[in-house]
> 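Provided herewith is a single structure, encoded as structure tokens, for subsequent inquiry.
The chains referred to below are lettered A, B, ... by the order of the sequence lines, with proteins before strands, and numbering in each begins at 1.
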2 protein chains.
Amino acid sequence: MQGGGSEMAVHGPAMTDVARLAGVSHQTVSRVLNGHPNVREQTRLRVRAAIAELGYRPNGAARALVTGRSQVIGVVAQNTTLYGPASLLAALEQTAAEEGFAVSVGSVRDLDHRSISAAVERHLAHRVAGIVVIAPVESAGEALERLPKDVPLVTVDGDPHRPVPLVTVDQAAGARAATQHLLDAGHRTVWHVSGPSDWFDSVGRIEGWREALLAAGVEPPPLMPGDWSAASGYRCGQMLARMPEVTAIFTANDHLALGVLRALHEFGRRVPAEISVVGFDDVPEAAYFIPPLTTVRPDFDAVARASLQMLLAQIESGVGGAMRQTVAPTLVARDSVAPPRH
Amino acid sequence: MQGGGSEMAVHGPAMTDVARLAGVSHQTVSRVLNGHPNVREQTRLRVRAAIAELGYRPNGAARALVTGRSQVIGVVAQNTTLYGPASLLAALEQTAAEEGFAVSVGSVRDLDHRSISAAVERHLAHRVAGIVVIAPVESAGEALERLPKDVPLVTVDGDPHRPVPLVTVDQAAGARAATQHLLDAGHRTVWHVSGPSDWFDSVGRIEGWREALLAAGVEPPPLMPGDWSAASGYRCGQMLARMPEVTAIFTANDHLALGVLRALHEFGRRVPAEISVVGFDDVPEAAYFIPPLTTVRPDFDAVARASLQMLLAQIESGVGGAMRQTVAPTLVARDSVAPPRH
DNA sequence: GTATAGGCTGTTAGCGATCACACCGAATCG
DNA sequence: CGATTCGGTGTGATCGCTAACAGCCTATAC
């Protein structure tokens with residue numbers, strides 16, 4: 001910190017300062033920074049030394065200005081407090097950091113056109129290199145279609161029927177596994193407490209549940225619609241607990257299962273002795289529910305890796321296309337499932 | 001979308017394009033954009049019309065380059081999957097968006113010097129306007145001290161003893177309230193399952209618990225150290241369940257409480273009939289634990305608002321200083337507390 | 001020995017905004 | 001009526017970087 005420059009104190013040293021100290025031109029410094037091959041080893045070392053000595057840090061804004069893209073990817077998500085989105089966001093950030101990208105979040109209150117568009121606009125204003133939209137509902141898809149075509153974009157858990165690059169957890173497969181697991185335990189049929197009907201996640205899980213039942217030759221019982229929250233799980237559970245024929249329940253996520261579990265408990269219906277329950281998500285606490293919850297674990301890390309990789313491919317090649325990738329979830333068996341008493 | 005420009009398709013229109021269309025100079029456009037007063041109303045309208053027609057969007061990178069600051073604030077946090085940090089992050093993003101700022105996350109695996117510094121460096125490289133560090137552990141504080149002094153910085157839940165702008169939940173007050181609530185219900189003493197000892201949150205909650213007990217003239221029982229997870233709560237619960245004298249437990253967060261609850265359940269110790277439990281955080285599911293959990297709710301929105309406000313104040317004034325602000329949590333009474341049987 | 005290639009480095013011209021300043025005309029003032 | 005203010009606007013320089021090109025110098029080929 002010795003050697004007082006006159007007026008560069010605030011903004012820190014620039015590339016020319018490094019160049020002067022190393023006795024080269026600023027362009028050479030640039031080449032070193034960007035890993036350009038044609039630089040003599042000795043020069044490279046001198047430049048690196050100068051960089052270290054000055055504590056120089058390249059100015060991302062300047063780079064973004066000239067290249068037209070910053071080393072930032074924008075993420076648009078709704079409720080980053082929910083376990084799924086939060087995990088996804090964290091994994092995404094981790095992966096992005098490894099690739100030298102920063103992540104800018106644009107969370108939105110509602111997943112309608114306007115909110116999504118506004119969030120995307122904000123990212124566009126900052127000239128992000130690409131955008132990841134965690135767009136689990138119908139209305140989000142519409143907003144996406146009227147987006148500029150030249151910005152790399154990947155949607156996660158979005159609409160499978162739209163021609164947009166998409167990474168998604170195989171909800172149906174997870175739901176099939178859960179349902180089949182209950183069927184295998186000997187249950188005649190399986191009831192389902194679903195998520196909100198406008199989420200693709202919900203729809204996929206409902207489909208998987210229905211498929212598994214139909215494949216086993218049983219007519220699916222009526223659907224209990226919930227909204228992801230423990231509160232709605234509790235409400236559904238209060239109804240399920242009253243029906244003697246119910247012996248197996250698959251809930252669209254673990255929080256719903258928690259609510260169901262409590263309702264069953266209040267009605268004195270024991271789990272798993274009388275009723276078996278399977279959730280979805282494998283939140284860290286699921287193993288400590290009463291009883292420990294059998295559930296389906298989506299691999300958020302894999303989803304994050306896949307989407308980032310897909311995004312980077314677009315950034316580098318410049319082309320979009322409608323690629324898609326699916327990540328299979330796995331069933332985690334715990335104590336909330338048992339054969340029915342007959 | 002009619003009227004094909006020749007080679008500006010990719011990067012979109014620039015300020016000069018707007019200026020040309022409006023028949024003014026680029027500087028006037030700039031003035032309109034920044035709400036400068038000295039522009040004739042009629043001119044302002046013409047410029048706005050041109051902006052709308054071209055779908056012009058100011059280039060944040062260019063602005064950041066010349067002003068030296070972008071409209072982005074960086075957030076450094078550790079485990080954004082935990083409920084507290086996730087909520088905080090979401091609230092922060094929401095508040096920042098209202099002020100026209102984007103939020104860039106830099107999550108770190110570990111909260112040691114190196115990780116924190118690296119995350120901060122990344123933000124600095126992008127010339128963020130300010131940084132919020134969610135720094136709940138000791139080692140984070142050290143990293144903060146060797147940071148450039150000229151970048152606006154606010155820490156959340158950080159070290160109360162460091163001269164850094166700080167916003168924090170009044171952990172001790174929350175813990176006192178929880179402990180007092182149990183004492184008021186008639187319990188002789190209160191046991192505590194704490195978080196990791198290097199988190200300030202833990203320390204504060206331990207202090208509050210101890211203070212409340214001492215104020216009531218009772219010698220605090222041995223501390224049960226946990227690590228925030230339901231798993232560790234379960235382990236502690238297995239010990240607590242074995243001790244007949246235990247009638248009241250305060251856990252440092254709701255997940256610990258969940259683990260404790262399950263251990264007690266397995267040992268056949270009924271809550272709240274035999275043992276009362278109070279948690280901390282008020283996660284959305286807490287109301288659906290078995291039984292519904294009495295807990296302490298920190299106001300994350302308030303924390304987010306306070307920290308952002310503090311940060312903006314620094315950004316505008318340019319000075320730092322060691323201001324601090326504390327947000328009081330509130331007790332949420334549910335069914336997990338009852339008088340002891342004697 | 002001259003030509004050609006190619007590794008290494010410097011020079012110049014922008015990217016798209018803001019800032020400082022110059023300028024013009026109308027209103028105000030002595 | 002000339003001088004001064006001031007609202008409204010344009011001009012040029014500049015931020016820190018990368019891309020394109022030009023130039024040097026050494027090695028290899030003919």
> To the nearest angstrom, how far is B:Ile51 atom CD1 from C:dA17 atom C1'?
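Between C1' of C:dA17 and CD1 of B:Ile51: 13 Å.
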
> Send over the distance from A:Leu45 CG to C:dT9 P, rounded to a whole Å.
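Answer to the nearest Å: 12 Å.
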
> Not counting sequence neighbours, which residues clear salt bridge (charged side-chain N to carboxylate O under 4.0 Å, His left out) with B:Asp159? List them please.
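Result, salt bridge (charged side-chain N to carboxylate O under 4.0 Å, His left out) vs B:Asp159: B:Arg162.
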
> Measure the distance from CG on A:Leu65 to P on D:dG16 and round it to the nearest whole Å.
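That distance rounds to 12 Å.
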
> To the nearest 10 degrees, how far apart in direction are the end axes of the helix from C:dG1-D:dC30 to C:dG30-D:dC1, each fit to five base pairs?
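Comparing the axis at each end, I get an angle of 50°.
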
> Return each pair, listed once, that meets side chain to side chain donor-acceptor pair (under 3.5 Å) where at least one residue sits in residues 113-123 of chain A; pairs must be two or more places apart or across chains.
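The answer is A:Asp112-A:Ser115, A:His113-A:Glu142, A:His113-A:Arg146, A:Glu121-B:Arg57.
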
> Could you work out, with salt bridge (charged side-chain N to carboxylate O under 4.0 Å, His left out) as the rule, every residue matching A:Arg20, not counting sequence neighbours?
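Checked A:Arg20 against salt bridge (charged side-chain N to carboxylate O under 4.0 Å, His left out); matches are A:Asp17.
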
> Would you state whether a donor and an acceptor, one from the side chain of A:Gln27 and one from the base of D:dC17, lie under 3.5 Å apart?
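There is none.
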
> Whole Å only: how far is the CD atom of A:Gln71 from the C1' atom of D:dC17?
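Result: 13 Å.
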
> When the distance from NE2 of A:His126 to P of C:dA17 is rounded to whole Å, what number comes out?
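About 13 Å, once rounded to whole Å.
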
> By nearest nucleotide on DNA chain C, pick out whichever of A:His26 and B:Met15 is the more 5' one.
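Looking at DNA chain C, the more 5' nearest nucleotide goes with A:His26.
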
> Grab the NE2-C1' distance between A:His36 and C:dT9 for me, whole Å please.
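After rounding, the gap between these two atoms is 12 Å.
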
> Give every pair of a protein N or O atom and an N or O atom of nucleotides 7-9 of chain D that lie under 3.5 Å apart, one pair per line with the distance.
residue, atom, partner, partner atom, Å
D:dT9, OP1, B:Arg40, NE, 3.4
D:dT9, OP1, B:Arg40, NH2, 3.2
D:dT9, OP1, B:Thr43, OG1, 2.6
D:dT9, OP2, B:Arg40, N, 2.8

> Should A:Asn59 be listed as having a side-chain N or O under 4.0 Å from OP1 or OP2 of D:dC15?
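For D:dC15, OP1/OP2 do not have a side-chain N/O of A:Asn59 under 4.0 Å.
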
> B:Leu308 vs B:Glu99, test: side chain to side chain contact (heavy atoms under 4.5 Å, CB included). Steps then yes/no.
CA-CA 9 Å; B:Leu308 204 77; B:Glu99 301 284 344; 4.0 Å; yes

> Which residues satisfy the salt bridge (charged side-chain N to carboxylate O under 4.0 Å, His left out) test with A:Arg324, sequence neighbours excluded?
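So A:Arg324 forms no salt bridge (charged side-chain N to carboxylate O under 4.0 Å, His left out) with any residue.
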
> With sequence neighbours excluded, tell me which residues meet salt bridge (charged side-chain N to carboxylate O under 4.0 Å, His left out) with A:Arg44.
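For A:Arg44, the residues satisfying salt bridge (charged side-chain N to carboxylate O under 4.0 Å, His left out) (neighbours in sequence not counted) are A:Glu41.
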
> Would you please name every residue forming a side chain to side chain contact (heavy atoms under 4.5 Å, CB included) with A:Val151, sequence neighbours left out?
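Per chain and number, A:Val151 pairs via side chain to side chain contact (heavy atoms under 4.5 Å, CB included) with A:Leu124, A:Ile131, A:Pro148.
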
> Measure across A:Ala91 and A:Phe300 and return the closest heavy-atom pair with its distance rounded to 0.1 Å.
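In this case the closest contact between A:Ala91 and A:Phe300 is CB-O, 4.0 Å.
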
> Tell me every residue that passes side chain to side chain contact (heavy atoms under 4.5 Å, CB included) with B:Thr155, counting only those two or more places apart in sequence or in another chain.
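Result, side chain to side chain contact (heavy atoms under 4.5 Å, CB included) vs B:Thr155: B:Val133, B:Leu144, B:Val164, B:Leu166.
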
> Can you check the B:Arg69 CZ to C:dC19 P distance for me, whole Å?
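So the CZ-P distance, B:Arg69 to C:dC19, works out to 14 Å.
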
> Between atom CZ in A:Arg63 and atom P in C:dA17, what is the gap in whole Å?
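Nearest whole value for this atom pair: 20 Å.
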
